[in-house]
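Down below is the structure, laid out as structure tokens.
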Amino acid sequence: MLLNHEYYMQIALTEAKEAFEKDEIPIGALIVANDRIIAKTHNLTESLNDVTAHAEMQAITAAAHAIGGKYLKNCTMYLTVEPCQMCAGALYWSQISKIVIGAQDNKRGFTTMGGKLHPKTEIIYGVLEKECSALMLTFFQNKR
């Protein structure tokens, strides 16, 4: 089996679909280290009644526990939608090596809001972008 960006993003998308089913904003995240998934989650803000329970925040915490340290060097996060400014800040402090993003968020994404990531963090955009965008569009269309 070929473990590539599309493979891991598909797993993140499965997490996003699980969030969708729970009436959470459908964002999924996973963190990979040495070709092994060490964290896999989705938004839980409604379930936990916690505005900080974004998929990214949940994944950072789980990954830190999995590796036994707060820095996520040599780790890659797969994220169905661009992180917000809060999550970008947490990712900055985690010093994660790479972030692979499905869809950009032109309203609340960290790039629109002026947020920054660690200078050594590599960012890759557009992996399964259509699928990630479609899930978000469907969710918000159902809310209207």
### Message
Before you tell me yes or no, could you show the steps for Thr52 and Met86 under side-chain contact (heavy atoms from CB on, under 4.5 Å), namely the whole-Å CA-CA distance, both residues' side-chain angles and the distance that decides it to 0.1 Å?
### Response
CA-CA 8 Å; Thr52 68; Met86 173 185 71; 4.0 Å; yes
### Task
Start with the C-alpha distance between Glu21 and Lys17, add both sets of side-chain angles, then the distance that settles salt bridge (charged side-chain N to carboxylate O under 4.0 Å, His left out), and finish with yes or no.
CA-CA 6 Å; Glu21 294 301 318; Lys17 290 174 184 174; over 6 Å; no
### Message
With side-chain contact (heavy atoms from CB on, under 4.5 Å) as the criterion, how do Asn106 and Gln104 come out once you've worked through the C-alpha distance, each side chain's angles and the decisive distance to 0.1 Å?
### Response
CA-CA 6 Å; Asn106 296 324; Gln104 288 187 271; 4.2 Å; yes
### Query
Are Glu6 and Glu131 close enough, and set up right, to give a side-chain contact (heavy atoms from CB on, under 4.5 Å), and what steps lead you there?
CA-CA 11 Å; Glu6 288 79 14; Glu131 296 90 332; over 6 Å; no
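For the pair Pro119 and Tyr92, the minimum side-chain heavy-atom distance is below 4.5 Å. The closest side-chain heavy-atom distance from Lys98 to His5 is below 4.5 Å. Proximity of Tyr8 to Leu30: side-chain heavy atoms (C-beta onward) are separated by under 4.5 Å at one or more points.
For the atom pair OG (Ser94) and NZ (Lys73), the distance works out to 10.5 Å, reported to the nearest 0.5 Å. Here the CG atom belonging to Asn4 is positioned 11.0 Å from the CE atom belonging to Met9, to the nearest 0.5 angstrom.
Residues Thr45 and Glu24 share a closest heavy-atom pair of N-OE1, 3.1 Å. Smallest separation of non-hydrogen atoms from Ala90 and Met57: CB-SD, 3.5 Å. Across all their heavy atoms, His65 and Thr61 have their closest contact at CD2-O, 2.9 Å. Between Glu56 and Ala29 the shortest heavy-atom distance is N-CB, 4.3 Å. What you find for Tyr71 and Gln95 is that their closest heavy atoms are CE2-NE2, 3.3 Å. Across Ala39 and Ala62, no two heavy atoms sit closer than the pair CB-CB, 3.8 Å.
A distance-only check finds no donor-acceptor pair linking the side chain of Thr76 to the backbone of Val32 [under 3.5 Å]. Judged by distance alone, the side chain of Asn43 and the main-chain N or O of His54 form no donor-acceptor pair under 3.5 Å. Not one N or O on the side chain of Thr112 forms a donor-acceptor pair closer than 3.5 Å with the backbone of Arg108.
A single hydrophobic cluster is seen to contain both Tyr7 and Tyr78, as judged by linkage of ILVMFWY side chains at heavy-atom distances under 4.5 Å, directly or through other members.
There is no side-chain donor-acceptor pair under 3.5 Å between Glu15 and Thr41. Remark: the Thr111 side chain and the Glu82 side chain contain an N/O donor-acceptor pair separated by less than 3.5 Å.
The environment of CG in Asn142 is crowded: more than 12 heavy-atom neighbours from other residues, nucleotides or ligands sit within 6.0 Å. Annotation for Asn74: atom CG does not count as buried by contact number, only 12 or fewer foreign heavy atoms lying within 6.0 Å.
Other cluster members for Ile123: Leu13, Phe20, Ile25, Ile27, Ile31, Ile38, Ile60, Ile67, Leu72, Met77, Leu79, Val81, Leu91, Ile96, Ile99, Ile101, Phe110, Leu117, Tyr125, Leu135, Met136, Phe139, Phe140, joined by side-chain heavy-atom distances under 4.5 Å among Ile, Leu, Val, Met, Phe, Trp and Tyr.
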